[in-house]
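For reference, the structure discussed in these notes is given below.
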Amino acid sequence: MSEYRPRDLDRKWQQRWASSRAFEVDVDPSRPKFYCLEMFAYPSGHAHVGHVRNYIIGDVIARTKRMRGYNVLHPFGWDAFGLPAENAAIKGGLHPEVSTRGNIAHMKGQLQRLGISYAWERELATCDAEYYKWNQWLFVRMFEKGLAYRRRSSVNWCPSCQTVLANEQVVDGGCWRCGIPVERRDLEQWFFRITAYADELLDGTDALSRWPDKVLTMQRNWIGRSEGARVTYPLEHPPGSGVGDSASAIEVFTTRIDTIYGATFVLLAPEHPLVAGLAEQSKDPASFRRQVQAFRAQDRAARMSGEIEKQGFDTGFRAINPFTNQPVPIWVANFVLGEYGTGAVMGVPAHDQRDFEFARKFNLPIRVVITPDGRPLDADGLAEAAEAYGTLVDSGEYSGLRSAEAQPRMVAAARARGLGEATVQYRLKDWGISRQRYWGTPIPMIYCDTDGIVPVPDGQLPVVLPTVAQFTGRGDSPLAQVPEFVDVNCPTCGGPARRETDTMDTFVDSSWYFYRFADPRNDRQAFDPAVVRYWLPVDFYSGGVEHAILHLIYSRFFARVFRDLGMVDHSEPFTQLLTQGMVLKDGAVMSKSRGNVVDPDTMIQKYGADALRLYVMFVAPPEKEVEWTDAGLEGSFRFLARVWRLVDHWVDAIGGEGVARGDVYLTVNAAERTLRRKTHETIRRVTSDIEERQQLNTAVSAMMELVNELYAFSDRAVTGAPGRRAGEDVAHAGGMERRETICVVREAVEALVRMLAPFAPHTAEEMWERLGRSTGLGAAAWPACDADVARAEEIVVPVQVNGKVRSRLTVPADVSEQELERLALADSAVRTYTTGKAVKKVVVAKGRLVSLVVQ
RNA sequence: GCGGAAGUGGCGGAAUUGGCAGACGCGCUAGCCUCAGGAGCUAGUGGCCGCAAGGCCAUCGGGGUUCGAGUCCCCGCUUCCGCACCA
């Protein structure tokens with residue numbers, strides 16, 4: 001009798017996998033490939049069980065696919081650039097390079113102690129020059145294609161992180177990382193033209209059938225495509241001098257041109273370019289500017305608190321509604337967004353709730369021009385705006401048309417007069433990637449007074465991040481303080497020039513790392529297209545839902561950039577996406593500051609890696625949030641020990657390479673037949689739970705059922721009695737079993753050990769070895785389900801009378817509907833409910849149920 | 001406010017196509033084994049009534065469709081998530 005000692009097994013098998021390079025793979029066109037990937041990790045120092053859950057999910061998939069005969073690529077790496085390491089350095093700690101390398105070493109050890117089957121020879125870190133060189137190379141390609149460009153614009157600035165943030169990185173008005181409210185700053189920045197792919201990124205979501213709807217919805221909303229029109233409102237009296245001349249009209253964006261006859265004012269965002277000019281020409285420029293300034297200052301605070309009160313003021317100027325030809329007042333309003341559309345809107349109070357509130361507050365006229373249900377609306381009696389589509393009224397020649405008919409005609413009319421055109425507007429904006437920080441990829445650009453902006457020639461890449469000794473945390477780029485870095489000769493004219501000193505957003509690093517994994521040591525290219533063609537796209541990708549927009553939309557963008565560079569031949573990089581739920585402790589997300597982290601190493605020390613792996617898979621479906629409990633982990637440990645004892649009990653009888661002769665199954669008894677059925681049914685369930693349904697929790701419970709069945713069977717086999725007998729110790733089976741019993745049990749135990757391998761690989765490998773199998777649990781080791789065996793020959797069919805189950809019939813599985821009906825009506829328990837009553841209806845669901853209606 | 005997902009025993013969860021609600025595990029109870037048990041084995045464990053056989057009720061609440069609803073439809077409540085003046 002041997003004891004289950006997981007810690008010894010962990011060590012033994014982890015060493016063996018490493019020395020045999022068990023998980024390293026190469027391109028092999030003769031085998032189907034499977035690329036299994038978990039989002040790589042930011043090396044924060046310590047992984048807690050919440051992080052680790054994701055890697056276990058991926059590992060179960062990877063190990064299963066490997067056993068199913070796939071050539072499985074399962075790599076891991078480090079999203080190693082980023083602010084926390086640099087911030088720690090500012091606080092007087094270690095250089096980011098040193099702390100990052102140390103954190104990587106520790107976290108890698110944690111993953112290895114979990115027995116995650118990574119191809120570690122492909123490990124990469126984005127802070128390696130061999131990696132970020134290709135960030136720079138790609139940046140230059142994008143610059144050449146006009147996909148990377150520089151412009152001055154108002155950007156999000158995090159005062160705490162001392163850097164610019166992309167729109168995607170602003171959450172609830174605050175920095176995604178530290179939560180501090182962001183400010184607006186005008187800065188020269190590099191942008192990636194992701195909007196060039198807006199339509200494609202949106203349409204592409206339809207094809208992502210194996211992504212969660214939630215993520216697709218979030219991406220669609222983020223892209224925010226809306227179709228409408230730009231319409232020009234000429235100024236009533238174009239100012240005769242100065243700024244006004246070139247800006248003698250206001251262009252608005254609207255999705256509801258059908259309501260334009262109801263436009264009774266025009267609203268400008270405080271940031272609108274025309275505002276300064278109007279202020280200049282106004283009666284009281286100082287007061288005008290003061291009010292604009294108040295709105296702009298307000299914006300920041302308002303973002304945090306949510307709703308702000310609508311405010312505005314009349315500029316005193318008027319514009320001409322191009323459809324009514326009537327002048328309407330121009331107001332500046334705090335709720336009009338400068339960044340969206342044209343920064344100006346037409347105010348249609350009768351049919352837009354915001355305009356309605358604004359008009360009521362400032363006593364602006366309300367004109368009804370749409371009747372939703374044909375019944376006239378009274379402008380004075382409106383309680384809220386009538387936003388629904390309907391039939392146009394009081395709209396000149398368009399009166400009487402439906403909204404949908406009117407819109408294209410009105411756009412065409414505006415266009416004919418040069419006062420408008422149909423446009424599509426996106427919420428998505430170009431991705432600002434400049435960061436005024438040190439610990440990132442240097443942007444490979446040079447500024448020359450003669451030649452302007454010049455990319456670093458490919459031959460001079462990588463632009464290596466210089467070692468900086470002092471981190472001050474001041475608001476300019478640390479690289480600007482390194483003269484040896486900044487001062488450079490212009491690649492074109494050779495004269496003195498300056499390097500760009502900003503670094504790239506780290507989301508650039510993570511937008512293509514999954515390609516590099518296919519060919520991680522290539523020093524001539526970012527990757528060999530032929531190798532990528534074999535491995536990509538990623539078949540299974542899992543990670544946190546917090547990347548639903550950020551990383552996943554950027555990666556989809558990069559895939560298209562590589563495609564248009566001719567380097568990949570797909571558009572979507574991730575075929576299937578799983579967003580795993582978080583692990584909570586005491587009802588809250590684990591975090592160092594809360595002090596509620598569960599350390600995987602502590603758990604491994606106590607129960608072994610396999611118990612931890614199994615518990616995390618068993619506790620809930622992968623995408624659900626779970627609450628950590630130590631008791632649950634103990635339960636999984638008990639299960640593994642139970643399996644261990646089972647194997648221990650049978651090992652002498654079933655061990656060795658003996659192969660069952662096919663005909664032995666012809667003489668099995670009833671108990672043996674039941675066990676065989678359970679075995680094959682379990683294979684079917686576990687296989688589909690892992691591969692198709694990704695319900696890893698029910699895969700585990702199916703195996704638990706098989707173990708329970710094996711225990712019950714062992715009891716019978718031991719005692720020779722048909723039923724279970726309390727007190728019998730299954731550990732003393734002796735060697736007296738029938739040949740049939742041995743074959744059936746061997747079949748069951750072997751299948752069990754194999755199916756357990758993805759979840760509890762160390763325990764399974766050890767048991768497999770103890771069973772005397774010379775080949776390990778490698779390729780093609782997955783058990784096969786015999787559908788004929790899995791199918792029950794007898795089934796129990798419930799009989800309902802008026803919707804209540806009154807009897808159960810045990811019948812052959814292939815019983816006909818007629819026979820089932822006959823048996824049901826003849827059943828004595830059923831008859832007590834049917835005698836003296838009329839059977840009005842009989843419904844037979846073949847093989848499932850009989851339902852009688854009596855009266 | 002808009003959009004999405006969800007609501008099932010004491011707890012985590014299962015029910016795959018509209019067909020026996022509560023698989024599996026945790027916890028709890030009892031028996032066995034044991035020097036001992038925080039080990040193991042066996043049995044029980046949604047509620048109510050009943051000695052029992054059995055019956056009734058039960059999947060957030062209320063309606064509906066159906067022979068049959070946790071599952072489909074309508075109304076409402078609650079929770080979580082995302083978006084949040086996007087014109």
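Note that the coordinates shown come from a computational prediction; the quantities given were computed from them, not determined experimentally. Below, all heavy atoms of this structure are taken into account, side chains as well, without hydrogens, waters or symmetry copies. Quick note on labels: first sequence line is chain A, next is B, and so on, each numbered from 1.
- Nucleotide G25(B): paired with C11(B) (Watson-Crick or G-U wobble, both distances less than 3.5 Å).
- For C35(B), there is no paired nucleotide, since no Watson-Crick or G-U wobble pair has both relevant distances below 3.5 Å.
- Here A69(B) sits opposite no nucleotide as a Watson-Crick or G-U wobble pair (both hydrogen-bonding atom distances under 3.5 Å).
- Of the C1' atoms belonging to C35(B) and C28(B), the separation is 27 Å, rounded to the nearest Å.
- Of the residues in residues 623-630 of chain A, those placing a heavy atom less than 4.0 Å from an atom of RNA chain B are Lys624(A), Glu625(A), in numerical order.
- Looking at Trp211(A) and Asp213(A), their side chains never bring a donor and an acceptor atom within 3.5 Å of each other.
- Nucleic acid contact for Lys804(A): sugar-phosphate only, since backbone atoms but no base atoms lie under 4.0 Å from a heavy atom of the residue.
- Taking only side-chain atoms of Gln695(A), from C-beta outward, the nucleotide of C67(B), G27(B), A14(B) with the closest atom is A14(B).
- Both cation-pi conditions hold for Arg806(A) and Tyr833(A): the charged atom is under 6.0 angstrom from the six-membered ring centre and inside a 45 degree cone around its axis.
- The residue Val853(A) sits close only to the backbone: its heavy atoms come under 4.0 Å of sugar-phosphate atoms, none of a base.
- Aromatic ring centres of Trp331(A) and Phe313(A): separated by at least 6.0 Å.
- Near RNA chain B, meaning a heavy atom under 4.0 Å away, the residues from residues 217-226 of chain A are Thr217(A), Met218(A), Ser226(A).
- Counting non-hydrogen atoms under 4.0 angstrom, Arg684(A) reaches nothing in the nucleic acid.
- In this structure, G82(B) is classed as anti because its glycosidic torsion departs from zero by more than 90°.
- For the residue pair Gln694(A) and Glu623(A), no side-chain donor N or O sits within less than 3.5 Å of a side-chain acceptor on the partner.
- The pair Glu681(A)-Arg791(A) does not meet the salt-bridge criterion, since no charged nitrogen lies less than 4.0 angstrom from a carboxylate oxygen.
- Residues Val328(A) and Ala263(A) share a closest heavy-atom pair of CG1-O, 3.6 Å.
- The gap from the P atom of C24(B) to that of C74(B) amounts to 36 Å, rounded to the nearest Å.
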Just the table, please: protein N/O against nucleotides 44-50 of chain B N/O, every pair under 3.5 Å.
none

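- For the residue pair Gln695(A)/Asp689(A), the side-chain donor-acceptor check at 3.5 Å is not satisfied.
- The gap from the P atom of G62(B) to that of C57(B) amounts to 14 Å, rounded to the nearest Å.
- Here the closest heavy-atom approach between residue Ser2(A) and residue Trp644(A) is recorded as OG-NE1, 3.1 Å.
- Looking at Lys214(A), its side chain has no donor and acceptor atom pair within 3.5 Å of the base of C81(B).
- A salt bridge between Arg220(A) and Asp206(A) is present, with a side-chain N of the basic residue lying under 4.0 Å from a carboxylate O of the acidic one.
- Summarising the base pairing, G50(B) is matched to no nucleotide, lacking a Watson-Crick or G-U wobble pair whose two defining distances lie under 3.5 Å.
- Residue Tyr833(A) is in sugar-phosphate contact alone, with no base atom involved, counting any heavy-atom pair closer than 4.0 Å across all strands shown.
- Atom pair Phe639(A):CZ and C26(B):C1' shows a separation of 15 Å (rounding to whole Å applied).
- Between G1(B) and C20(B), the distance separating the two P atoms is 39 Å to the nearest Å.
- Across the interface with RNA chain B, nearest-nucleotide mapping of Ser636(A) and Ser688(A) shows Ser688(A) to be the residue nearer the 5′ end.
- A tilted orientation is assigned to the rings of Tyr4(A) and Phe637(A), their planes being inclined by 30° to 60°.
- Across all strands shown, C80(B) pairs with G4(B); the Watson-Crick or G-U wobble distances both stay below 3.5 Å.
- In the set C41(B), C56(B), C85(B), the nucleotide with an atom closest to the side chain of Arg806(A) is C56(B).
- Pairing partner, A30(B): U42(B), with both Watson-Crick or wobble hydrogen-bond distances short of 3.5 Å.
- In this structure, CG of Asp648(A) is placed 13 Å from P of C41(B), rounded to the nearest angstrom.
- Between Glu357(A) and Arg360(A) no salt bridge is recorded (no basic side-chain N to carboxylate O distance below 4.0 Å).
- Among residues two or more places apart in sequence or in another chain, the salt bridge (Lys or Arg N to Asp or Glu O under 4.0 Å) test is passed with Arg225(A) by Asp199(A), Glu227(A).
- Considering only the side chain of Ser851(A), C67(B) comes nearest among A87(B), U42(B), C67(B).
- Across all their heavy atoms, Thr342(A) and Val252(A) have their closest contact at OG1-CA, 3.4 Å.
- The aromatic rings of Phe362(A) and Phe358(A) sit tilted relative to each other, their planes meeting at an angle between 30° and 60°.
- Tyr340(A) and Gln425(A) are not linked by any side-chain donor-acceptor pair at a separation below 3.5 angstrom, with hydrogens and angles left out of the test.
- In this structure, Phe356(A) places its CZ atom 17 Å from C1' of A87(B), rounding to the nearest Å.
- The separation between Leu852(A) atom CG and G68(B) atom P is 13 Å, rounded to whole Å.
- For Tyr340(A), a side-chain nitrogen or oxygen approaches OP1 or OP2 of A87(B) to under 4.0 Å.
- G19(B) and C73(B) have their P atoms separated by 15 Å, with the value rounded to a whole Å.
- On the P atoms, C80(B) is 39 Å away from G44(B), given to the nearest whole Å.
- Nucleotides U42(B) and C60(B), compared at atom C1', are 38 Å apart to the nearest Å.
- In this structure, a donor-acceptor pair under 3.5 Å is absent between the side chains of Tyr426(A) and Ser226(A).
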Provide a list of protein-nucleic acid N or O atom pairs under 3.5 angstrom, restricted to nucleotides 20-24 of chain B.
unit_1 : atom_1 : unit_2    : atom_2 : d
C20(B) : O2     : Arg808(A) : NE     : 2.7
C20(B) : O2     : Arg808(A) : NH2    : 2.8
A23(B) : O2'    : Glu705(A) : OE2    : 2.8

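- The side chain of Lys841(A) lies closest to C67(B), out of C67(B), C85(B), G13(B).
- The minimum heavy-atom distance linking Asp430(A) with Thr195(A) is given by the pair OD1-OG1, 2.7 Å.
- Using bins of under 30°, 30° to 60° and over 60° for the plane-to-plane angle, the ring pair Phe323(A)/Tyr261(A) lands in the perpendicular bin.
- Closest approach to the Val619(A) side chain among G27(B), A87(B), G12(B) is made by G12(B) (side chain taken as heavy atoms from C-beta onward).
- For the pair Phe253(A) CZ and A87(B) C1', the interatomic distance rounds to 8 Å; values are reported in whole Å.
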Distances under 3.5 Å between nitrogen or oxygen atoms of protein and nucleotides 37-39 of chain B:
none

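- Remark: Lys678(A) engages Glu705(A) in a salt bridge, criterion side-chain N to carboxylate O under 4.0 Å.
- Each of G12(B), A15(B), G19(B) was ranked by its minimum atom distance to the side chain of Arg693(A); first place goes to A15(B).
- Taking a cutoff of 4.0 Å between a charged side-chain nitrogen and a carboxylate oxygen, Arg230(A) and Glu251(A) qualify as a salt bridge.
- Counting to the nearest Å, the P atom of G12(B) and the NZ atom of Lys585(A) are 17 Å from each other.
- Only the C1' atoms considered, A58(B) is 10 Å distant from G9(B), to the nearest whole Å.
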